[in-house]
Each structure stands twice: as C-alpha cells, then as structure tokens.
Undergrad: 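Encoded as structure tokens, here's the structure I'll be asking about.
Because the structure is a prediction, the values reported are computed rather than measured. A, B, ... follow the sequence lines: proteins, then strands. Residue 1 opens every chain. Just so it is clear, the values below take in all heavy atoms, side chains as well, and ignore hydrogens, waters and symmetry mates.
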There are 2 protein chains.
Amino acid sequence: MKGAAMDVLIVEDDPLHRSYLHEQVKAALPECSTIYEAENGQQGEALARTHRSAHIVMDLQMNARNGIEAARTIWRERPDTRILFWSNYADEAYVRGVSRIVPNGAAYGYVLKSTSEERLKLALRSIFIENQCVIDNEVRGMQQRSFAQTSGFSDSEYEILMDIALGMTDRAISDRRHLSLRSVQNRLQQIYSKLDVHQAADSPREEGAFNLRARAVTVAMLRKLLNYGALEKAEAELQHWLRGR
Amino acid sequence: MKGAAMDVLIVEDDPLHRSYLHEQVKAALPECSTIYEAENGQQGEALARTHRSAHIVMDLQMNARNGIEAARTIWRERPDTRILFWSNYADEAYVRGVSRIVPNGAAYGYVLKSTSEERLKLALRSIFIENQCVIDNEVRGMQQRSFAQTSGFSDSEYEILMDIALGMTDRAISDRRHLSLRSVQNRLQQIYSKLDVHQAADSPREEGAFNLRARAVTVAMLRKLLNYGALEKAEAELQHWLRGR
DNA sequence: CAAAACTCTGCGGGTTCCCGCAAGCCTAAT
DNA sequence: ATTAGGCTTGCGGGAACCCGCAGAGTTTTG
C-alpha cells in the first residue's frame, strides 16, 4: 500500500484552479505517479472508468455535469473510490447532496476553495493515504445545523420543498409522493414554520403581503438550502416522472 | 492622454483569478504604472474612491458586495469611469443588471472568464486606451435575445417577475407598483405566456400539474433570467420598501 | 399493557389565484 | 377624423391554496 503506485484524477472546469490543484497534488503526494485531468463531470466519469481511478479531486458546480452527479455514478461502480470535493461554497444544498450519495464507509472530503494550501495538502494526504474523512470546519458547521432539529429539514420535507420550488400543485405532489392532499398541506405548514414565513404580521401591519408557497422557495434559496444545481437536478427528475404516467 | 500615467484597479475575490488578471493587465498595458487590488465590492468602492481610479476590472458575483452594486456606486460618483466586467457566466440576470446601470456614453466591457488571453488583452486595450465598448459574443447574443420581442421581457414585466419571485401577493404588488389588482394579474398572464408555462396540457394529460406563479419563478431561474444575486438584491429592496409604510 | 406522541387523512370555510369578458383611455397608423 | 391596437381597470366565477378541527392509525415510552 505504501510503495504502490498511485494516480490521481482532477475534475475541475476552471483552468486556473485545475493547474493550481495539479501543483498542490504534486507537492503533497510525491508517491503519486500520474495525474489525469478532466474539465467537467462527463469527462471525469469517463476518465475514472478507463483509468480505474481510486483517488479523485472533484469540483462541484461544473457545466456539463456537476460534481455530485458524477460522483454518484463513479461511486456506484466503485464504492471504495476516495473523493475529495473541492468547492467554492458550503451551501446546504451541496452539503446535503454530497452526504446523500456517499456510500457506507467510503472515505471522502469536503474542503472549500478558500482554505489555505496547508489544509488542502493535509486533506489530500488524509484522504488518499490515511483513508479518513476530512470535512472543513465551515462545512461541518453546516452539517450540524442542517441535521439538528433546529430549523432542520427531514428528508420528506426537503422533498416537498423541492416540489413546490418546481411549481407543482398540491394535488400533483400528493400524486407523486403517494400522500393525501391534506398530508401534503401539513408538510407545507411545517416547512413554512421552519422557514419562518408567516402571512400574519411579524412586523406591524405587514398584512398578507406574502404568498407563502412562493415565499418559502425564495427564503430557502437565500438561506442556501436550495441552489441552482439542486433545482436543475430536481427538474430533470420531475420531467422523468412526468413521462411515466 | 497617451503619455499620461494610468493605474488600474482589479476587483476580484478569487486569489488565483486575481493574480492572473494582474499578469494580464501588466502584459497588455505597459503604460499602466500601478495596479491596485480589491477582493470584494466594498473594498473596490473604497479603493476607487481614494485612488480616483478611472480604469477598473471587476468580477460580478463576490461575497461582500457584488460587482453590479459596486459599479453602480462608482459610476454614480464618476460616470466616466471605464469598467471591464469579467464574469464566469452570461446569465441574463447579469447582462440585464449591467446594462441597467451603465451611464450614458460610458465605456465598458463584458467578457467571460473563459475567453482566450488574446481577447482579454484586446478588451483591456480597447476599453482603457481606445475608450470603446467591448462585449463578448456570447453576451451580445444574450442581449439580442433579451431585448428582442421574442421571449423578451419589458422592464415592468421583469419588475413583477421579481416580485412574485420574492413571494409577494398580487395585492402587495399592486400596492408597491401602484397598479390595480387586475393589471398585476394581466402582467402575470403575459409573463406566464412568455415563459411558456401553462396549466393545461402541452403534453397529453399533464393536467393542472403546475402552480403557475411558482413555476414561472423556477423556469426563469433555469433560463438564467433570475439568479441568486438578482434575488438577493431584490430582497434587500423589498425589505427597504416594507419599512417605509 | 396503557398512555402519550406523532403521523396520516377527511371536512369545511375563508382567502387568494387564474382568467374570460368588457368597457374606457391612449398612441399610432390609414 | 376614423380605425386599429395596446394598456389599464372592474366584475365575476371556478379552482387552488392556507389552515383549524377532529378522528383514525402507528410508534414510542413508562
């Protein structure tokens, strides 16, 4: 394991960041013999397959196919692949997306692009050599808040939040999720209260100024609970579901 | 004008991109004596004020204060400032935001981060030396589509699109925009048709699956007509308006 | 086992939304 | 001047939404 040749696959669309990563990997991992580079998720999947890569550094938020999608298919084929996610943001949508797809017992990491070289190098060694997880502090904080009961969303609530974000009717949601109409509306109540949107007054005389359903979506976006990538993915799933009926 | 000393201000939050810009500016503009750097919009405004910068390269999408906001206050103080916007994306929301704030006759540019070094250098010289506008082809294409009648939104429609995105009630919108309730709803009809959202069937048996108002917001997001920055800005304005009544 | 706690569901009503119909105002074209 | 087309507003109704109340079913807890 120590003397074995190691190769690393970098998946990152920004050429500047890609070459920076290349440098950092070379410096942090002298035992690494070869470095492959891909500039989007699709290329990443392809290269991972042909080179049987077990060590990957991956950006989230790429054009052709985002990092979460790519990681999911890669992990489906090889659950022991070690992936270090290297992202600009710690949006809850990303954190939730990642921790939703990581296989049991797999080693992975999540560090922000703004971290120091030192911490990046340390993360590279920890994951690829020591096979242990490394999560940036800020991301970890997000996880805590996310899965705690305080303002934390259950998976089913999150699902329905996505549905109203897509613009689905209560009726359509109840069809899709196999719930009664009233149950969907109950979930919506919980969502509204957790997002702290109310139509009555929180400030004086702010009468019925909000359409709760639309308001919930935007505060979710503003709180980084939803983001463009999550929306895009959900829309694709919705279209798929619409076809099958 | 030719022999005059020129200094350039770079406003960009990503250190890698910042130093790349630094190199490119130095290479493209030998007549440039000093280069200042700021890592967000606030710093950018401050530096522009103290150094009386007339030549600025600015990223959109920064943490503390985004490029459009910063550019607006800078241009308000010195309308003859020349600004080159250097962005990752050509979202309609950005393009619209920029062209909304550029003063009459000011020279500005909009190039994507993915353009070649050559074109970046050319843009720098065109704007800062020749004082003429340079808009990337892809961005230009966006402008065409945006302001043409085809799927093009008038300013008032765009305004109301933002309002429903924020989750406002028809009634609240009519208050805010000084329109009758019915007029707001008419605008909404136009918006729905331009975004091509309908509740009837476009594919067979897709009965009333969509809540038009919420659906419109997401397709606008998916089409890059809206994005996070625009939402954030609109939310701030909304809060301000809410206070004043 | 029984009690408490939580979830799913139906009913009902008040409100908001979606939108067709139609009448007044304005600008532009014939 | 007359006509056509656009924009604004009112009215009215069917549908969807928001939500309190209350009864079943399931899980948790003592």
Undergrad: Any salt bridge between A/Asp14 and B/Lys113, counting N to O under 4.0 Å?
TA: no

Undergrad: Between P on D/dC19 and CG on A/Asp170, what's the gap in Å once rounded to a whole number?
TA: 12 Å

Undergrad: Between B/Arg213 and C/dC18, is there a side-chain N or O to OP1/OP2 distance below 4.0 Å?
TA: yes

Undergrad: Can a donor-acceptor pair be found between the side chains of A/Tyr94 and A/Gln61 at a distance below 3.5 Å?
TA: yes

Undergrad: May I ask you to check whether B/Gln185 and B/Gln189 show a side-chain donor-acceptor distance below 3.5 Å?
TA: no

Undergrad: List DNA chain C stems (3 or more consecutive Watson-Crick/G-U pairs, under 3.5 Å)?
TA: C:1-30 with D:1-30

Undergrad: With sugar-phosphate meaning primed atoms plus P, OP1 and OP2, does A/Leu181 contact a base, only sugar-phosphate, or nothing at under 4.0 Å between heavy atoms?
TA: nothing

Undergrad: Find the distance A/Arg171:CZ to D/dA16:P and express it as a whole number of Å.
TA: 9 Å

Undergrad: Would you mind reading off the distance between B/Arg215 atom CZ and C/dC18 atom P, rounded to a whole angstrom?
TA: 14 Å

Undergrad: Round to the nearest Å and state the distance from B/Glu157 atom CD to D/dC7 atom C1'.
TA: 12 Å

Undergrad: Would you check if B/Arg171 and B/Asp175 make a side-chain contact, meaning some heavy-atom pair closer than 4.5 Å?
TA: yes

Undergrad: What is the distance, rounded to the nearest whole Å, between atom CG of B/Asp155 and atom C1' of D/dC7?
TA: 16 Å

Undergrad: Rounded to whole Å, please give me the gap between CD1 in B/Ile173 and C1' in C/dT16.
TA: 12 Å

Undergrad: As a test of reading the structure: which of C/dC17, D/dC18, C/dG10 is closest to the side chain of A/Ser180, going by heavy atoms?
TA: C/dG10

Undergrad: Among residues 182-193 of chain B, which ones have heavy-atom contacts with DNA chain D below 4.0 Å?
TA: B/Arg182, B/Ser183, B/Asn186, B/Arg187

Undergrad: Would B/Arg82 pass as a cation-pi partner of B/Tyr108, given that its NZ or CZ must be under 6.0 Å from the six-membered ring centre and within 45 degrees of the axis?
TA: no

Undergrad: Does B/Arg187 come within less than 4.0 Å of B/Glu159, counting only side-chain N to carboxylate O?
TA: no

Undergrad: Can you tell me the distance, in whole Å, between the CG atom of A/Asp175 and the P atom of C/dT9?
TA: 12 Å

Undergrad: Which atoms form the tightest heavy-atom contact between B/Phe153 and B/Arg96, and what is the distance?
TA: O-NH2, 3.4 Å

Undergrad: Using modelled atom types and a 3.5 Å cut-off, is there a donor and acceptor pairing between side-chain atoms of A/Glu157 and backbone atoms of A/Ser154?
TA: yes

Undergrad: Rounded to whole Å, how long is the line connecting atom CG of A/Leu212 with atom C1' of D/dA16?
TA: 14 Å

Undergrad: Is the shortest distance from a Lys or Arg side-chain nitrogen in B/Arg119 or B/Glu138 to a carboxylate oxygen in the other one below 4.0 Å?
TA: no

